[in-house]
Amino acid sequence: LGRRKHHLGYTQPETRVSEIDLNGKLLIAMPDMGDPRFAYSVIFICAYSAEGAMGLVINKPTHDLRLSNLLEQLEISQSTDARDMAVHFGGPVEHGRGFVLHDYGYHSSISTLEVNDDFAMTATLDILEDLAQGRGPTHVLVALGYAGWGPGQLEAEIAQNGWLICDADADLVFETADALKWEAALKKLGISALT
């Protein structure tokens, strides 16, 4: 197989994108990403099929919105056990809609998308009500909006070296500081961001 060269000194094997299952994978934006909304972003892919892809940016917290503010705006009462956390910019599509990426152990009684054995995503109000009461999933990332691609669009961006792909793990997604996630994701591929 031929090999592609990337700017970061990393050589990625040539692969037909259509052969890859991107569900539960991370997309790492290349440094020369043309769209500033995705510069240095890491995106967790929640759903991927022939119809397109949907993912959440996991390393761009909003600067002025926390979960407690969001719950207050939605008039959801909070107990003293409620966890507070940053709300992330999940992507430019439906940026007024909330999405919660979480560990597989939690399932909404309304609707939860099971991504794989480690991750799930819920976009219904009951998960926010659970979080407001100190219940719900152990590992959580709350986002407004999502990143979406139509049929063949993401594959084309990958083929044009817009994104690198790596496996997701809970430590990187939920525990690593947002400012360090891009470099940490590159490191999983054996790449130094300084190369």
task: Would you mind listing the cluster partners of Y104? Hydrophobic ones only (ILVMFWY), side-chain contacts under 4.5 Å, chaining allowed.
output: none
By side-chain hydrogen bond (donor to acceptor under 3.5 Å, both in side chains), which residues pair with [X], not counting sequence neighbours?
X    : answer
K188 : D169
R37  : D35
Q160 : none
S108 : T124, D126

Check whether any side-chain heavy atom of [X] lies under 4.5 Å from a side-chain heavy atom of [Y], and answer yes or no.
X    : Y    : answer
V87  : N69  : no
I165 : I28  : no
L22  : W163 : no
S41  : N59  : yes
I58  : L172 : yes

Strictly by ring pair (Phe, Tyr, Trp, His ring centres under 6.0 Å), give each pair with a member in [range] just once, sequence neighbours left out.
range            : result
residues 113-136 : F44-F119, F119-F174
residues 69-102  : F99-Y146, H102-Y106
residues 57-84   : none

[X] to [Y] - nearest heavy-atom pair and separation:
X    : Y    : result
A168 : V173 : CB-CG2, 4.2 Å
N23  : C46  : OD1-O, 3.7 Å
C166 : A185 : SG-O, 3.9 Å

- request: With side chain to side chain contact (heavy atoms under 4.5 Å, CB included) as the test, would you mind laying out the steps for L128 and L67 before giving the verdict?
  value: CA-CA 9 Å; L128 294 179; L67 179 59; 4.0 Å; yes
query: Does anything in residues 93-109 pair up under salt bridge (Lys or Arg N to Asp or Glu O under 4.0 Å), and if so which pairs, sequence neighbours excluded?
result: E94-R97
statement: So the salt bridge (Lys or Arg N to Asp or Glu O under 4.0 Å) pairs with at least one residue in residues 43-63 (sequence neighbours excluded) are none
Atom pair [atom1] ([X]) and [atom2] ([Y]), whose distance is rounded to the nearest 0.5 Å:
X    : Y    : atom1 : atom2 : result
I158 : M30  : CD1   : CE    : 12.0 Å
E114 : T122 : CD    : OG1   : 9.5 Å
I43  : F38  : CD1   : CZ    : 5.0 Å

If Ile, Leu, Val, Met, Phe, Trp and Tyr residues are connected whenever their side-chain heavy atoms lie under 4.5 Å apart, and connections chain through other members, are [X] and [Y] in the same group?
X    : Y    : value
M121 : V100 : no
M54  : L113 : yes
L125 : L65  : yes
V115 : I127 : no
V57  : L144 : no

message: I'd like to know if the side chain of T176 reaches the main chain of D171, judged simply by a donor and an acceptor atom lying under 3.5 Å from each other, with no hydrogens or angles considered.
response: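 Looks like yes, one N/O pair under 3.5 Å.
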- request: Could you walk me through whether N161 and D32 pass side chain to side chain contact (heavy atoms under 4.5 Å, CB included), step by step?
  value: CA-CA 10 Å; N161 298 329; D32 58 353; over 6 Å; no
Show me the donor-acceptor pairs, under 3.5 Å and distance only, between side chains in residues 134-143 and residues at least two apart or in other chains.
| unit_1 | atom_1 | unit_2 | atom_2 | d |
| --- | --- | --- | --- | --- |
| R135 | NH2 | D130 | OD1 | 3.1 |
| H139 | ND1 | E175 | OE2 | 3.1 |

Show me the donor-acceptor pairs, under 3.5 Å and distance only, between side chains in residues 73-81 and residues at least two apart or in other chains.
| unit_1 | atom_1 | unit_2 | atom_2 | d |
| --- | --- | --- | --- | --- |
| Q78 | NE2 | S68 | O | 3.2 |
| S79 | OG | D81 | N | 3.1 |
| S79 | OG | A132 | O | 3.4 |

